[in-house]
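Below is one structure, written out as structure tokens, with a few remarks after it.
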Amino acid sequence: MTTTAPPRRAIPAALLVPSPTSSPAPEAEPAPPVRRVPLVISGLLAVALTAYVWSTHGAKPGSLLLLGLGLGLALFHSRFGFTSAWRQLVAVGNGQGLRAHALLLGTTATLFALIIGSGTGLFGSVPAPSAGPLGVGLLVGAFVFAVGMQLGGACASGTLFAVGSGQSSIVLTLGGFIVGSTVAAWQFDLWKDLPALDPVVLSDHVGWFGSWAVTIAVLGLIVLVSRRVQARRNPPPISTPPSAKGAARVPRGSWPLVAGALALAVLGAGVLLVSGGPWGVTSAFSLWGSRVVDALGGNPANWSFWQQPGNAEMFAGPVLKDKNSLTDIGIMIGAAVAASLGGTWALHRGIPGRTAVAAVLGGVLMGIGARLAGGCNIGAYLAGIASGSLHGWIWGATALLGTWAGIRLRPLFALGNPKPGDGIC
């Protein structure tokens with residue numbers, strides 16, 4: 001008697017099947033009641049600041065602030081993270097977060113190809129890709145940044161939406177982030193001439209369609225490999241945050257990661273359309289810190305960093321006209337609105353000493369790393385890969401190595417890591 005092997009599933013169908021975990025994902029608890037006082041405060045702040053920026057600086061900065069508010073809502077409602085996704089992948093092999101990154105990257109790359117390839121921009125802006133040099137600064141900076149985000153508990157975008165949602169320990173991370181970014185700007189002459197090759201942008205060699213096709217193919221391969229790794233390691237599922245039901249889930253959360261990825265891609269493309277440049281985060285931290293130094297009697301305008309083309313104009317102009325400052329502030333306020341609607345806004349107290357030290361240290365490392373690498377998980381990783389720039393891929397690969405190192409340092413600060421036998425990770 002002969003037997004025939006069961007038919008192999010086609011790859012597209014297999015991709016729709018959830019990757020295995022050691023146990024089913026837990027059911028989401030009901031969302032707590034709306035936090036009315038924080039909602040009123042954050043809502044009024046959003047309206048007042050938008051009206052002020054729009055009336056004082058015009059429609060372009062006002063639009064960027066609105067996009068930032070939307071980014072904050074999407075980041076919090078979907079709990080879209082980079083730090084936890086990489087930690088779950090490296091520690092126990094759960095690639096769900098990485099696959100959400102792939103969707104975000106692929107959708108953003110598609111929108112970037114359409115916008116930049118066609119030269120479409122608003123308010124007279126000319127869209128341009130994000131490209132960075134390939135050198136020692138990129139490698140060291142991405143590695144240091146990844147170590148810092150595992151100690152600090154959040155990445156660049158995660159720091160902003162966590163601060164907006166009231167997480168006190170991440171306020172310390174943000175403070176360290178600003179300090180590290182400012183120190184790196186102050187000491188620009190020490191690292192500006194590190195060995196590096198010129199940027200490599202795929203569209204310069206194969207056109208925008210070719211660049212897009214290569215990016216999508218590589219992301220598809222990453223998805224397949226992550227599913228294979230997860231099937232072999234059979235990790236615990238990812239925790240499920242409290243959620244509203246039915247139509248109330250839209251304003252109150254929690255959103256699926258897929259919805260978060262798509263919303264962030266559209267909003268990030270909106271930043272490109274309005275400003276001509278991709279969404280970024282960390283250059284604003286250098287600006288904020290340097291403005292504090294200036295107010296305290298220093299003279300950061302004479303630093304080499306602020307005399308570079310583009311930087312001098314940024315430092316001389318109003319903070320509420322700076323692209324990244326507007327979106328950063330918008331993210332924090334938007335996250336506060338989202339957390340209040342979801343009933344989870346709260347100020348956390350009693351931060352353990354070692355956790356506080358890790359938060360500050362992690363922030364400082366991220367600030368320095370972002371400047372060395374020319375960007376963070378948003379400005380280098382997301383914007384770089386979506387632009388078809390090789391530096392984005394190198395940043396991501398190096399950050400995975402930094403994540404591995406950061407995970408091993410976390411226990412020194414009483415910070416836990418996912419384990420294969422956990423119920424959730």
Expected list for residues 39-56: side-chain donor-acceptor pairs under 3.5 angstrom, two or more places apart:
from	atom 1	to	atom 2	distance (Å)
S42	OG	P38	O	2.7
S42	OG	L39	O	3.3
T50	OG1	A46	O	2.7
S55	OG	A51	O	2.9
S55	OG	Y52	O	3.1
T56	OG1	Y52	O	2.9

Check [X] against [Y] and note the closest heavy-atom contact, atom names and distance.
X: L172; Y: A359; value: CB-CB, 3.9 Å
X: A113; Y: W208; value: CA-CE3, 3.8 Å
X: S226; Y: L98; value: CB-CD2, 4.2 Å
X: P61; Y: K321; value: CG-CG, 4.1 Å
X: A380; Y: W395; value: CB-CD1, 3.5 Å
X: T240; Y: A25; value: OG1-CB, 4.4 Å

Is it true that, when you exclude R228 itself, more than 12 heavy atoms of the residues, nucleotides or ligands shown sit nearer than 6.0 Å to its CZ? no

Whether over 12 other heavy atoms sit under 6.0 Å from W303 CH2: yes

Checking R99 against Q230 for the side chain to side chain donor-acceptor pair (under 3.5 Å) test, could you report, in this order, the C-alpha distance in whole Å, the side-chain angles of both residues, the deciding distance, and whether it holds? CA-CA 11 Å; R99 290 189 290 277; Q230 183 164 330; 2.9 Å; yes

Side chain proximity check, [X] to [Y], heavy atoms < 4.5 angstrom:
X: Q150; Y: R87; answer: yes
X: V218; Y: W393; answer: yes
X: C425; Y: P236; answer: yes
X: V360; Y: T173; answer: no
X: P129; Y: S389; answer: no
X: P26; Y: I424; answer: yes
X: D328; Y: F285; answer: yes
X: T21; Y: I238; answer: no

In Å, rounded to the nearest 0.5 Å, how long is the span from [atom1] of [X] to [atom2] of [Y]?
X: L372; Y: Q187; atom1: CG; atom2: CD; answer: 11.5 Å
X: W279; Y: L382; atom1: CH2; atom2: CG; answer: 6.5 Å
X: F177; Y: T159; atom1: CZ; atom2: OG1; answer: 5.5 Å
X: M149; Y: C155; atom1: CE; atom2: SG; answer: 7.0 Å
X: L361; Y: L409; atom1: CG; atom2: CG; answer: 9.0 Å
X: S78; Y: F161; atom1: OG; atom2: CZ; answer: 7.0 Å

Could you tell me if the ring centre of F188 sits under 6.0 Å from that of W306? no

With a 6.0 Å cut-off on ring centres, are F143 and W404 close enough? no

After noting the C-alpha distance and the side-chain angles of V258 and L103, does the key distance pass the side-chain contact (heavy atoms from CB on, under 4.5 Å) rule? CA-CA 7 Å; V258 168; L103 178 61; 3.7 Å; yes

Under a 3.5 Å distance rule, please check whether [X] uses its side chain to pair with a backbone N or O of [Y] as donor and acceptor.
X: S275; Y: V271; value: yes
X: R249; Y: S254; value: yes
X: T108; Y: L105; value: no
X: N417; Y: I407; value: yes
X: T327; Y: N324; value: yes
X: Q307; Y: N302; value: yes

Would you sort out whether S118 and T120 count as a side chain to side chain donor-acceptor pair (under 3.5 Å), showing the intermediate values? CA-CA 5 Å; S118 64; T120 303; 2.7 Å; yes

Tell me whether the NZ or CZ atom of R79 lies within the 45° cone about the ring axis of F76 and under 6.0 Å from its centre. yes

Are R371 and F305 in a cation-pi setup, meaning NZ or CZ lies under 6.0 angstrom from the ring centre and within 45 degrees of the ring axis?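 Verdict for F305: no cation-pi partner in R371.
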
Give the ring-plane orientation class for [X] versus [Y], where under 30° counts as parallel, over 60° as perpendicular and anything between as tilted.
X: H77; Y: W255; value: tilted
X: W212; Y: F209; value: tilted
X: F80; Y: H101; value: tilted

Return the set of residues passing salt bridge (charged side-chain N to carboxylate O under 4.0 Å, His left out) with K192 (not counting sequence neighbours), or none when no residue passes.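 D189.
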
